[in-house]
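Every number for a ligand or one of its atoms is a count from 1 in the order of the listing.
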Amino acid sequence: MRILVVEDEESLANQVAEALRQESYAVDMAHDGEEGHYLGDVEPYDLIVLDSGLPIMNGIEVLKKWRADKRKMPVLILTARDSWTEKVDGFDAGADDYLTKPFHMAELKARVRALIRRSSGLASTELSCGDVVLDTSSGLVKVAGKTVDLTSFEYKLLSYFLHHPDKVLSKSELVEHIYEQDFDPDSNTVEVFVGRLRKKLNTSMIKTVRGLGYRLDTNA
Ligand code: CA
């Protein structure tokens, strides 16, 4: 899962990015409305954290432009304390949730998990397929009740598969959702990670779809 954080206060932006990276999200950052709008327009984010007060173009305008262009990713806006009008404007512009500054990182993380879950049509914090269970709130992965150690990339990949069951996912889509912007991955790395996941999870649920990519088969 890949998240964009658009926030002009650099220390807050870094804290938010760090908190989300700890949760195994790939995180990109933008520090003004123009750059944020551009990235949200061209990159396939799974969620965007958007400050309402931004230089060049404010967050509400940015959000309105995305929605006018049919960009549907979940957006959580950060609003200034006591500004109820920003919340109303934000929801009217197409926001999915908001947080008032200052906030606790634990609350931000919980809201992010819930938004990503809902946008995938999932109701539970536990994602499962066969005997593989990923608990999005603890970050633990278990196979038949036993905890399995995954690297950060393996976790990101498994999480993306579990959020998109039974869908054919191309290698380039997987790359775009598990790496941050400045990373220049070799497309073979996805094959390597899939191979390792199959081995560690001891499962055949990740199918290769020849010429197209992979599919998490919930009936395997
Ligand atoms: Ca601001």
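No more than 12 heavy atoms of other residues, nucleotides or ligands sit less than 6.0 Å from atom CG of N202. Within 6.0 Å of atom CZ in F91, more than 12 heavy atoms from other residues, nucleotides or ligands are found, so the atom counts as buried in its surroundings.
Coordination check, E7 versus the Ca ion (ligand 1): failed, since every N/O/S atom of the residue sits at 3.0 Å or beyond. Among the atoms of D51, an N, O or S atom falls under 3.0 Å of the Ca ion (ligand 1). Coordination check, G53 versus the Ca ion (ligand 1): passed, since an N/O/S atom of the residue sits under 3.0 Å.
Applying salt bridge (charged side-chain N to carboxylate O under 4.0 Å, His left out) to R2 and the options E180, E176, E43 leaves one that passes, E43.
Checking D28 against Y45 by side-chain atom types alone, a donor-acceptor pair falls below 3.5 Å.
Its N, O or S atom nearest to the Ca ion (ligand 1) is what matters here, and for D8 that atom is OD1.
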